[in-house]
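Nothing fancy with the numbering, it's 1 onward along the sequence. Below, each value reflects all heavy atoms present in this structure, side chains not excepted, and no hydrogens, waters or symmetry copies.
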Amino acid sequence: MAFFLWLPALLLAALSEPAAASAGTSICNDTGALHQLAVTARTDGSWITQGWQALAPGDCINPLPEGYQGRFFYFRAESPGYQFRDDSIRFCTKAGPFRAGGSGECAARGYREQAFARARISPDSQKIPLSSRSQAAAAAPDTDEAGGTPYAAEVVLQGCSPEQDGAPAACRFVGGGMEIRATAGKPTAVPAFAFLMTLQQGAPLAVEGELISSFGSHGDLDLHSAALRQPNRHDRLLRQMQGRWVSAADPGDSFTLSGAVRQVSYRGSAMPPEFVSVLDTCHGAGTAGDFLLARDSERGTGLCYRIQSLSSDELTLIYLPRGTRLVYRRLPEG
């Protein structure tokens, strides 16, 4: 059973009035589609919303911190082609991994406002079927009329596929810890996609459009424009780190960085891909420098490293917050 990575404060949270503990409460995905789950629970007098957590068909998840004593919690689940029946109780969310406090002034704080369903905690073991709230839509929404969320960001081009077998051209970008996919579904988008097809993986871009759907670490973009931007220091560091690397301490530990996606392998087993960014700060690090943030594409959790040194054949990372020194040697291509 999977669990949310609640912060220590949440693990001690309780409502001011006593109520039944939540150890037996779980949400179970009895639908046929992968869903992404966000949950709101009360701690220290405030409502904290955290998401998105992947919930595969047939899986159950305990959505609350251990020992939670509240009477209620709130949740929202999203999946393409499904409609969520909420209780019109609204909290702040955003695309990709997030943790948000409160429910007011979402837009001013860089979030969007979405409606959640309320769940009462039972003193006995209870399973909440996802199908009671999320059901397959009768027809796909008309995105031309419904529109989406305005989106403008600096991203890295991960790759494009040309039109073939009746399927339109599509491009993938990585930015802000998530992967964005854009499809050339409109005639007005053809010039932008024709331009993107000429670029190599890893090209730094500025894109604009409307985010028409998002779940977890993935989103779909109605692309309006894309332009090359001047590479900055972080873009150059990311470019220097491209390729295959193996741990100097453990030959069974290796990773490959392609564009802005890192694929870690340990003893022959591939881990879920990670979406990476090079930043000038990471998880509240108290020192200046260059940092590598790697987000798990399935769980949305992030790992933070300080880039201590980088040469043509050696990379040294400091894993935070433990301070563990990790040395990698570049492997030859091929």
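Side-chain contact between Leu196 and Leu223 is present, with at least one heavy-atom pair separated by less than 4.5 Å. Side-chain contact between Phe73 and Pro63 is present, with heavy atoms from C-beta onward closer than 4.5 Å. In this structure the side chain of Ile27 reaches within 4.5 angstrom of the side chain of Leu37, judged on heavy atoms. Within the 4.5 Å cutoff, side-chain heavy atoms of Met241 are placed close to those of Ile307. Looking at Val246 and Phe255, their side chains never come closer than 4.5 Å, going by heavy atoms from C-beta outward. Using a 4.5 Å cut-off on side-chain heavy atoms (C-beta onward), Leu205 and Phe173 make contact. Within the 4.5 Å cutoff, no side-chain heavy atoms of Leu326 are placed close to those of Thr316. Side-chain contact between His35 and Leu130 is present, with at least one heavy-atom pair separated by less than 4.5 Å.
When all heavy atoms of Asn29 and Pro57 are compared, the closest pair comes out as ND2-N, 3.4 Å. Closest approach of Pro273 and Gln263 over heavy atoms only: CG-OE1, 3.6 Å. Here the closest heavy-atom approach between residue Ala115 and residue Arg90 is recorded as CB-NH1, 3.7 Å. In terms of heavy-atom proximity, Leu310 sits nearest to Gln240 at CD2-CB, 3.6 Å. Here the closest non-hydrogen pair linking Val174 and Val276 is CG1-O, 4.3 Å. Closest approach of Arg109 and Cys92 over heavy atoms only: NH2-SG, 3.1 Å.
A salt bridge (charged side-chain N to carboxylate O under 4.0 Å, His left out) with Asp87 is found for exactly one of Arg76, Arg120, Arg133, namely Arg133.
Note: Leu315 CG to Arg329 CZ = 11.0 Å, rounded to the nearest 0.5 Å. With values rounded to the nearest 0.5 angstrom, Arg262 atom CZ is found 12.5 Å from Gln242 atom CD. Note that the CZ atom of Arg244 and the OG atom of Ser265 stand 10.0 Å from one another [nearest 0.5 Å]. Rounded to the nearest 0.5 angstrom, Arg112 CZ and Cys106 SG are separated by 11.0 Å. The structure places CG of Asp59 at 9.0 Å from SG of Cys28, a figure rounded to the nearest 0.5 Å. Within the model, atoms CG of Leu292 and SG of Cys304 stand 8.0 Å from one another, a figure rounded to the nearest 0.5 Å.
The closest donor-acceptor contact from the side chain of Arg85 to the backbone of Ala117 lies at 3.5 Å or more, if one exists at all. Side chain of Asp253 to backbone of Asp250: no donor-acceptor contact under 3.5 angstrom is found. Trp52 places a side-chain N or O within donor-acceptor distance of the main-chain N or O of Lys94, the cut-off being under 3.5 Å. A donor-acceptor pair is defined here as one N or O able to donate and one able to accept, closer than 3.5 Å; no such pair exists between the side chain of Arg306 and the backbone of Gly289. Side-chain atoms of Gln158 come within 3.5 Å of backbone N or O of Ser258 as a donor-acceptor pair.
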Check step by step if side-chain contact (heavy atoms from CB on, under 4.5 Å) holds for Asp280 and His234. CA-CA 8 Å; Asp280 56 14; His234 295 160; 3.9 Å; yes
Start with the C-alpha distance between Glu274 and Arg295, add both sets of side-chain angles, then the distance that settles salt bridge (charged side-chain N to carboxylate O under 4.0 Å, His left out), and finish with yes or no. CA-CA 5 Å; Glu274 297 170 330; Arg295 289 198 178 278; over 6 Å; no
From CA spacing to verdict: side-chain contact (heavy atoms from CB on, under 4.5 Å), Tyr151, Asp222: CA-CA 9 Å; Tyr151 180 88; Asp222 180 2; over 6 Å; no
Are Met178 and Ile180 close enough, and set up right, to give a side-chain contact (heavy atoms from CB on, under 4.5 Å), and what steps lead you there? CA-CA 7 Å; Met178 67 184 298; Ile180 303 295; 3.7 Å; yes
Could you walk me through whether Asp30 and Ser131 satisfy the side-chain hydrogen bond (donor to acceptor under 3.5 Å, both in side chains) test, starting with their C-alpha distance in whole Å, then the side-chain angles of each, then the deciding distance to 0.1 Å, before giving a yes or no? CA-CA 6 Å; Asp30 58 338; Ser131 64; 2.6 Å; yes
When you look at Arg233 and Asp290, which way does the salt bridge (charged side-chain N to carboxylate O under 4.0 Å, His left out) test go after all the steps? CA-CA 9 Å; Arg233 173 178 171 79; Asp290 297 306; 2.6 Å; yes
Test side-chain contact (heavy atoms from CB on, under 4.5 Å) on Asn232 and Gln230 and set out the steps. CA-CA 6 Å; Asn232 56 35; Gln230 186 68 29; over 6 Å; no
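For the residue pair Ser213/Asp220, the side-chain donor-acceptor check at 3.5 Å is satisfied. Between Gln114 and Thr93, the side chains place a donor N or O and an acceptor N or O closer than 3.5 Å (distance only, hydrogens not considered). A donor-acceptor pair shorter than 3.5 Å can be found between the side chains of Thr183 and Arg181.
Side-chain heavy atoms closer than 4.5 Å link hydrophobic residues (I, L, V, M, F, W, Y) into clusters, and following such links, possibly through other members, connects Leu228 to Leu221. Both Tyr68 and Ile61 are members of a single hydrophobic cluster when ILVMFWY side chains are connected at heavy-atom separations under 4.5 Å. Leu303 and Val327 fall into different hydrophobic clusters, where Ile, Leu, Val, Met, Phe, Trp and Tyr are joined by side-chain heavy atoms under 4.5 Å apart, directly or via other members. Both Trp245 and Leu238 are members of a single hydrophobic cluster when ILVMFWY side chains are connected at heavy-atom separations under 4.5 Å. Clustering ILVMFWY residues whenever any of their side-chain heavy atoms sit less than 4.5 angstrom apart, transitively, puts Phe291 in the very cluster that holds Ile318.
Between Arg172 and Glu179 there is a salt bridge, with a side-chain nitrogen of the basic residue lying less than 4.0 Å from a carboxylate oxygen of the acidic one.
Ring geometry, Phe116 versus Phe91: the interplanar angle exceeds 60°, so the pair is classed perpendicular (tilted spans 30 to 60°). The aromatic rings of Tyr319 and Tyr305 lie tilted to each other, with the angle between the two planes from 30° to 60°.
Proximity of the aromatic rings of His218 and Phe275 is defined here by a centroid distance below 6.0 angstrom, and this criterion is met.
A cation-pi contact, defined as under 6.0 Å to the ring centre and within 45° of the axis, links Arg118 to Phe72.
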